[in-house]
Peer 1: 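I have a structure I would like to understand better, so I am pasting it below and will then ask my questions one at a time.
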Amino acid sequence: MLLILIELQRLKRLERTGWTLRGLPSGTESVAAHSFGVSVTAMLLADEIKSRGLDVDIERVLKMALLHDWAETRVGDMPKTATNYFGADARKRAETAALADIVSTLGAAESQYKGLYSRLRTTP
C-alpha cells in the first residue's frame, strides 16, 4: 500500500493538460487539485441530494470521485482531443489497465476499486 500512496503523490505534480493546451501558464492546476475539487463537489452534491430525502451512497460517490484520476499516474493526463487520434476505446483500455495495475496489490479492496472505476468508465 505504501508504494501506491507514493505513486499517487505524483498527481500533485502532474499538470492538467487541457489548461496547458489552452495557453494557461504552467502550474494553473494539477491533477491532484482537480481531484480535490471533484471530491468536494461530489460530497456537497451527495449531501444535498440526501438532505432532500433521496437515497445516495455517499461513501461510494466519494470513492468514485477520488479514484477517477488514479490511472493518470501511469498514462498521464490525456486531453479529450487525444481521443480523436487514439480512439475512445484505446484510451479507456489504457486507463483501465493502468488502474488495474495500481490497485493489484490491495487485496480485498482491489476488486471493489476496479468495480467502481469500471462503473466510472461506462458512465457517459
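The shown structure was predicted, so the numbers you read here are calculated from the model rather than taken from an experiment. Keep in mind that the numbers below use all heavy atoms, side chains included, and drop hydrogens, waters and symmetry copies.
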Peer 1: I'd like to know if the side chain of Ser118 reaches the main chain of Gly115, judged simply by a donor and an acceptor atom lying under 3.5 Å from each other, with no hydrogens or angles considered.
Peer 2: no
Peer 1: Go through the steps for Thr73 and Arg10 under the test side-chain hydrogen bond (donor to acceptor under 3.5 Å, both in side chains), then give the verdict.
Peer 2: CA-CA 6 Å; Thr73 62; Arg10 293 181 197 156; 5.1 Å; no
Peer 1: Would you say the side chain of Lys80 lies within less than 4.5 Å of the side chain of Arg91, judging by non-hydrogen atoms?
Peer 2: yes
Peer 1: Taking atom CE of Met64 and atom CG of Asp57, what is their separation to the nearest 0.5 Å?
Peer 2: 10.0 Å
Peer 1: What residues form a side chain to side chain contact (heavy atoms under 4.5 Å, CB included) with Thr17, not counting sequence neighbours?
Peer 2: Leu21, Asp77, Pro79
Peer 1: List in chain and number order the residues that pass side chain to side chain donor-acceptor pair (under 3.5 Å) with Glu15, two or more places apart in sequence or in another chain; answer none if no residue qualifies.
Peer 2: Ser26
Peer 1: Run the salt bridge (charged side-chain N to carboxylate O under 4.0 Å, His left out) check on Arg74 and Glu95 step by step: do they pass?
Peer 2: CA-CA 8 Å; Arg74 305 255 173 121; Glu95 291 176 345; over 6 Å; no
Peer 1: Please evaluate residues Arg16 and Ser30 with respect to the criterion side chain to side chain contact (heavy atoms under 4.5 Å, CB included), reporting the C-alpha separation (whole Å), side-chain torsions for both, the decisive distance (0.1 Å), and the verdict.
Peer 2: CA-CA 5 Å; Arg16 298 280 316 278; Ser30 70; over 6 Å; no
Peer 1: Under the 4.5 Å side-chain heavy-atom rule for ILVMFWY, direct or indirect, which residues accompany Leu3?
Peer 2: none
Peer 1: How far does CD of Glu59 sit from CG of Leu116, to the nearest 0.5 angstrom?
Peer 2: 9.0 Å
Peer 1: So which residues get pulled into Val40's cluster when ILVMFWY side chains under 4.5 Å apart are joined, directly or through others?
Peer 2: Phe36, Met43, Leu44, Ile49, Leu54, Val56, Ile58, Val61, Leu62
Peer 1: Can you name the residues that form a side chain to side chain contact (heavy atoms under 4.5 Å, CB included) with Ala100, not counting sequence neighbours?
Peer 2: Lys114
Peer 1: Looking at residues at least two apart in the chain, or sitting in another chain, which of them share a salt bridge (Lys or Arg N to Asp or Glu O under 4.0 Å) with Arg60?
Peer 2: none
Peer 1: Which distance, rounded to the nearest 0.5 Å, do you find between the NZ of Lys63 and the CG of Leu67?
Peer 2: 8.5 Å
Peer 1: Should side-chain heavy atoms under 4.5 Å link Ile, Leu, Val, Met, Phe, Trp and Tyr, which residues sit in the same cluster as Met78?
Peer 2: Val75
Peer 1: Name all pairs fulfilling the side-chain hydrogen bond (donor to acceptor under 3.5 Å, both in side chains) condition that reach into residues 37-48, sequence neighbours left out, sorted by first residue then second.
Peer 2: Glu48-Arg52
Peer 1: Not counting sequence neighbours, list each pair that qualifies as a ring-ring contact (aromatic ring centres under 6.0 Å, His included) and has a residue in residues 75-118.
Peer 2: Trp70-Tyr113
Peer 1: With sequence neighbours excluded, tell me which residues meet side chain to side chain contact (heavy atoms under 4.5 Å, CB included) with Ala97.
Peer 2: none
Peer 1: Same cluster for Leu11 and Leu5 if Ile/Leu/Val/Met/Phe/Trp/Tyr side chains link at under 4.5 Å?
Peer 2: yes
Peer 1: Any non-hydrogen side-chain atom of Ile102 less than 4.5 Å from a side-chain atom of Ile4?
Peer 2: yes
Peer 1: Assess whether side chain to side chain contact (heavy atoms under 4.5 Å, CB included) is satisfied between Val38 and His68, documenting all intermediate values.
Peer 2: CA-CA 9 Å; Val38 168; His68 90 278; 3.7 Å; yes
Peer 1: Name all residues meeting the salt bridge (Lys or Arg N to Asp or Glu O under 4.0 Å) criterion together with Asp69; count only those two or more places apart in sequence or in a different chain, and write none if there are none.
Peer 2: none
Peer 1: Under 4.5 Å side-chain heavy-atom separation, chaining through any Ile, Leu, Val, Met, Phe, Trp or Tyr, what else clusters with Trp19? Say none if it is isolated.
Peer 2: Leu24
